[in-house]
Enquirer: 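So that we are looking at the same thing, I have put the structure below in structure tokens.
Naming convention: chains lettered A, B, ... in sequence-line order (proteins, then strands); numbering from 1 in each chain.
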Amino acid sequence: MARGDSGRMERLSSIMRRRGIVAPAFETYGGVAGLVDYGPLGASIRRRVIDTWIDYWSSSGDILEIESPTITPEEVLVASGHVGEFNDLMTTCKSCESVFRADHLLEGFVEDIDGLSPDEISSSLAKEGIVCPGCGKTDWSESVPMNLMFKTSVGAMSRGRTAYLRPETAQGMFMQYPMLYRHFRQKLPFGGIQTGKGYRNEISPRQGMIRLREFTMAELEYFFDPEEPPVGKDGDWSTAVQMVPSSTGQIATMSVSEALDKGLILHPTVAWFIARTLELVVSLGVDSSRLRFRQHGQDEMAHYASDCWDCELHGEHGWIECVGIANRTCHDLEQHAMHTGKSDFRAWRSFKESKTVKIDKWFPVQSSIGPSFKGLASAVSKAIGDLDEIPESLPFTVTLDDGTEISIDEGMAERRTEDRIVTGEWYTPHVVEPAFGIDRIIWHILDHAYEEGVKEGEHYAVLRLPQKTAPFDAVVLPLFDKDGMDDMAETIAATLSKVRGLKIQYDNSKSIGRRYARADEAGIPWAITVDHQSLEDSSVTLRRRDDGRQVRCSVADLQSMLSSYGLDMLF
RNA sequence: GCGAGCGUAGUGUAGUGGUUAUCACCCCACGUUGCCAACGUGGGAACCCGGGUUCAAAUCCCGGCGCUCGCACCA
């Protein structure tokens, strides 16, 4: 991943600061690593990326947006596994100062590592004589838990309940699964989406927007019946892109459709979401030749995942994971069901044909069992119900779990025989989750859009952002700031600005060429110029950023053309 | 978290103990020009923070914060 021209990244970063796209946050107080500000242009781009993302998924009909808190009680994150995962014990080799996860060092030496206390882990390192993988010595510091979640407390004083700022938005969708299930009238598949901030207290954030401590995520949890994995036609199944399957580790160029046919993508629903992700990120302005899908190896994959692909984008920082598409199976819902003891986290599957199940078993007569066995009564009742072989008549003997044999006499049980019709069953839905790192995607669409050139001997920079992710749709310019051109331009800008969804800038400062250049650098796709002729026939010139070409266009047509992205038709 | 380098207007920079802190782009006003970063005049804007050394610190020293790189970490 050789960095290209390193000066390019500096010039791009420079533009981003100068133009008010992204800058380090709290800079006047020295800044805080891993926190950034989006300025006026950047915030507009970010808004549009998020809106495009939401519109894309919402338009499929079976996916709806939800919103949940960023403050998350500890129990939720215990169930999801985040609290356990985040309290990894770290230890330092005093000899060479390398830092390691203590539990990883002990793997293979100690059983039930998860059950050990920090003290026990520390002493185990010495007792087992674990050597430092770096320098080969055995001289470990105390193991200290490292928590990558921001911890807080809900409520005042010592009675506060422990909570964390969410490390992912996904848990919000799992919490709302019962509500979504009802909303979709108990029919799967369906999905919930959410965008918002997530927080990770990174040890040392680097690489600008790539590793942030507070960042915008956009996640989709798509719930479905694992026996009928859904696959849709939408998405981009046919464009050949780079794929890195884990089996070979080699880059191969093929379409999503081919990758599924060849068995590289293991799960059809995962393939569907890869195809949709491809279509979506390209529409945001990602260059498909600088995109690849990389499959996680077995060792890299979370234990519950059966197939996981990252969408990586290539930019000034090399290949960066920007979207993770994982089959999380039933893991999260099952965990929440288990930890809460509730039956909300499941779905009903109707059989195609209802089945008739013959019931033929002995049922305890509680009014007799109770007085006869007192404390043992419930164990006896259970034993009667659990009988594998059905005795023909009373009395008979049952064996309790602890081995005690009990004689069941006349009147203590009765035999029932019936045909029960079973129309379906409960199951825990599976989940495919595409998780998008919005900030990383924004960085890459800026990187891919940024083009440097030379125009009449001067350096010239253009951000070739698609209109839908450009900070403004158009800039309105009076050719000269007088003779009525100024008034007319202001009127056009004001009128267009009122149109829902359109963002318009007005610029009357300096020469026309300079204003075009400014707009190019800000990524504004269209420039509307009011000139002498405009005053006579209500036409304006329309300039296309990407090639500088101009056509005349009636003022009356501007609004609908801009709103429908139809201006290209004029060229 | 460790090691090395770095931190000057919005941006890019000059400045090795005493400057009114350099230059360019930039931004504003006025004039001028009259469709692709023109020009003139005037104006605006900076030494990361804190402590120390010194008569005097942007400059030397210490600490903090931040950035870059390497090591480590990154559910």
Enquirer: Could you tell me whether A:R328 and A:E168 have a side-chain N and a carboxylate O separated by less than 4.0 Å?
Expert: yes

Enquirer: B:rC35 P sits how many Å from A:N508 CG, rounded?
Expert: 18 Å

Enquirer: Considering every strand shown, what is the Watson-Crick or G-U wobble mate of B:rG1 when both distances are under 3.5 Å?
Expert: B:rC71

Enquirer: So, does the side chain of A:R515 form a donor-acceptor pair with the base of B:rA37 at under 3.5 Å?
Expert: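 For A:R515, whose side chain was compared with the base of B:rA37, there is no donor-acceptor pair (under 3.5 Å).
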
Enquirer: Which part of the nucleic acid, if any, lies within reach of A:R17 when heavy atoms closer than 4.0 Å are counted: base, sugar-phosphate only, or nothing?
Expert: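 A:R17: backbone/sugar contact only, no base atoms under 4.0 Å.
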
Enquirer: Between A:E316 (CD) and B:rC67 (P), how many Å, whole number?
Expert: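 Whole-Å distance recorded here is 19 Å.
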
Enquirer: Under 4.0 angstrom, heavy atoms only, what part of the nucleic acid is A:D531 near: base, sugar-phosphate, or nothing?
Expert: base

Enquirer: If you count every heavy atom of other residues, nucleotides or ligands that lies below 6.0 Å from A:L535 atom CG, does the total exceed 12?
Expert: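 Yes.
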
Enquirer: Under 3.5 Å, is there a donor on one side chain and an acceptor on the other for A:W443 and A:E316?
Expert: no

Enquirer: Should the pair A:R440-A:D447 be classified as a salt bridge under the 4.0 Å nitrogen-to-oxygen rule?
Expert: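 Salt bridge absent between A:R440 and A:D447.
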
Enquirer: Which atoms form the tightest heavy-atom contact between A:I193 and A:M173, and what is the distance?
Expert: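 Smallest heavy-atom distance, with atoms named: C-SD, 4.0 Å.
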
Enquirer: Just to verify, what does A:H430 make a ring pair (Phe, Tyr, Trp, His ring centres under 6.0 Å) with, not counting sequence neighbours?
Expert: none

Enquirer: Would you kindly say whether A:S68 and A:Q194 are connected by a side-chain donor-acceptor distance under 3.5 Å?
Expert: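 Side-chain D/A pair, A:S68 to A:Q194: present.
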
Enquirer: Within the 4.0 Å heavy-atom criterion, would you say A:E168 contacts the bases, only the backbone, or no part of the nucleic acid?
Expert: nothing

Enquirer: Tell me whether the rings of A:F150 and A:Y199 are parallel (<30°), tilted (30 to 60°) or perpendicular (>60°).
Expert: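 The arrangement is perpendicular - the two ring planes meet at more than 60°.
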
Enquirer: Quick one: is B:rA37 close enough that its OP1 or OP2 comes under 4.0 Å of any side-chain N or O from A:S511?
Expert: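 The answer is no; no side-chain N or O of A:S511 sits under 4.0 Å from OP1 or OP2.
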
Enquirer: Quick one, which residues of residues 443-451 of chain A touch RNA chain B with a heavy atom under 4.0 Å?
Expert: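 The stretch gives none, as no residue of it lies under 4.0 Å from the strand.
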
Enquirer: Mind checking what makes ring pair (Phe, Tyr, Trp, His ring centres under 6.0 Å) contact with A:Y222, not counting sequence neighbours?
Expert: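 Partners of A:Y222 under the ring pair (Phe, Tyr, Trp, His ring centres under 6.0 Å) test: A:W272, A:F273.
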
Enquirer: To the nearest Å, give me how far apart CG (A:L148) and C1' (B:rC74) are.
Expert: 7 Å

Enquirer: Is there any protein nitrogen or oxygen under 3.5 Å from a nitrogen or oxygen in nucleotides 27-32 of chain B, and what are the pairs?
Expert:
from	atom 1	to	atom 2	distance (Å)
B:rC27	OP1	A:R518	NH1	2.3
B:rC28	OP2	A:S509	OG	3.3

Enquirer: I'd like to compare against my own output: the B/S/- annotation of nucleotides 43-48 of chain B with a strict under-4.0 Å heavy-atom distance to protein.
Expert: ------

Enquirer: Whole angstroms only, please: what is the CG-P distance between A:L12 and B:rG12?
Expert: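 For the pair A:L12 CG and B:rG12 P, the rounded distance is 12 Å.
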
Enquirer: Closest-nucleotide mapping onto RNA chain B: is A:I15 or A:F480 further toward the 5' terminus? I mean the 5' end.
Expert: A:I15

Enquirer: Ignoring hydrogens and angles, answer whether the base of B:rC73 and the side-chain atoms of A:E202 contain a donor-acceptor pair closer than 3.5 Å.
Expert: no

Enquirer: Taking the nucleotide of RNA chain B with the closest heavy atom to each, which residue, A:I512 or A:V32, is nearer the 5' end?
Expert: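 It is A:I512, whose closest nucleotide lies nearer the 5' terminus.
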
Enquirer: Ring-plane angle category for A:F223 and A:F174, please: parallel below 30°, perpendicular beyond 60°, tilted otherwise.
Expert: perpendicular

Enquirer: Is the base of B:rC49 touched by the side chain of A:Y29 through a donor-acceptor pair closer than 3.5 angstrom?
Expert: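 Donor-acceptor pair under 3.5 Å: no.
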
Enquirer: Using the salt bridge (Lys or Arg N to Asp or Glu O under 4.0 Å) rule, pick out the option among A:R515, A:R464, A:R543 that qualifies with A:D520.
Expert: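 Of the listed residues A:R515, A:R464, A:R543, the salt bridge (Lys or Arg N to Asp or Glu O under 4.0 Å) partner of A:D520 is A:R543.
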
Enquirer: Sequence neighbours left out, what passes salt bridge (Lys or Arg N to Asp or Glu O under 4.0 Å) with A:D568? Give chain and number order.
Expert: A:R544

